[in-house]
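Contents: one structure, followed by commentary.
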Amino acid sequence: MLKLEDICMQVSNDNGENIEILKGLNIEFQKGKVYAVTGPNGGGKTSIAKVIMGIYRHTKGHIYLEDEDISDLSITERARKGIGYAFQQPPRFKGLTIKNVLNIASPEADLMYLRKYLRDVGLCPEDYLDRDLGAGLSGGEIKRIEMAQLLLRAPLISIFDEPEAGVDLWTIQKLLGLIVSRYKNNPNKTAVIITHNEKIIPMCDEILVVDGGVITAQGTPKEIWHLIKDDIECKVRDQCQGDVIYEIK
Ligand SMILES: Nc1ncnc2c1ncn2[C@@H]1O[C@H](COP(=O)(O)OP(=O)(O)O)[C@@H](O)[C@H]1O
Ligand SMILES: [Mg+2]
């Protein structure tokens, strides 16, 4: 179980002033559950993920993993303990092939498995395994590869930050099915999906709405769907795919 206790996080703006981004968050992520974290852009969703991963340092409060306070651990130490994060905008690693990074994610997985995971994220293995992970790949391709890495690693806590961005609806549905079957009712694992996608939210066990650095609503999809619905503006982002994205006003 991952527990955030009274978590605050500040950053300095261009004028050197401190701005509070997260304002006293209390969250418990239980094992065997798939969580959706949603809310308006700039609400603090990615900051929560980065604070959990140790990329951003919280300024107040504690983070516990299995009752151990991990607040002072580095990113690498937290990764070793079983926290994984697929970035909203993944970094590019020049000089490594896709096969290399998938091997790093799961050294024991054989080539057949690597191929399977690439197919799961909608990429043809023959076209991608030997490609360089630097320039030349689109944002959507990089995102899919990062998701394949996280699915292969399958750490205790897997945080997917807006997996729908740049990924087609067909692949997203397939991926979601995979995440749900892998994590739901799995006694050891937790998935956290940061998302605005109307297909993803109803399939999660619990929804957290983050706005202005605080949790403004929390519950099962049934319990809080009407709250989200009241405030959301339905937009067809990609007419071709028919992918409907909700944006909270
Ligand atoms: N490193 C940073 N420096 C300054 N401001 C930041 C930084 N990271 C996030 N913010 C600000 O914090 C707020 C929350 O951002 P973020 O967590 O990315 O929101 P979300 O993922 O919900 O869109 C935004 O106003 C954003 O501009
Ligand atoms: Mg974000």
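Heavy atoms only: backbone and side chains are in, while hydrogens, waters and symmetry mates are out. We count residues from 1, following the sequence as given. Counting convention: from 1, in listed order, for ligands and their atoms alike.
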* Side-chain (His62) to main-chain (Leu4) donor-acceptor, under 3.5 angstrom -> no

* Contact residues of ligand 1, where a non-hydrogen atom lies under 4.0 Å away -> Val11, Ile21, Pro40, Asn41, Gly42, Gly43, Gly44, Lys45, Thr46, Ser47, Tyr56

* Looking at CD1 of Ile27 and CG of Leu208, how far apart are the two atoms once the value is rounded to the nearest 0.5 Å? -> 5.5 Å

* Hey, is Lys33 close enough to Glu28 for a salt bridge, meaning N to O under 4.0 Å? -> no

* Hey, is the main chain of Gln10 close enough, under 3.5 Å, to the side chain of Glu20 for a donor-acceptor pair? -> no

* **Close side-chain approach of Leu151 and Leu175, heavy atoms under 4.5 Å** => yes

* Structure fact -> Here the vertex angle at the Mg ion (ligand 2) for OG1 of Thr46 and OE1 of Gln88, given to 10°, is 80°

* Is Tyr35 reachable from Ile207 through a run of hydrophobic residues whose side-chain heavy atoms are each under 4.5 Å from the next? -> no

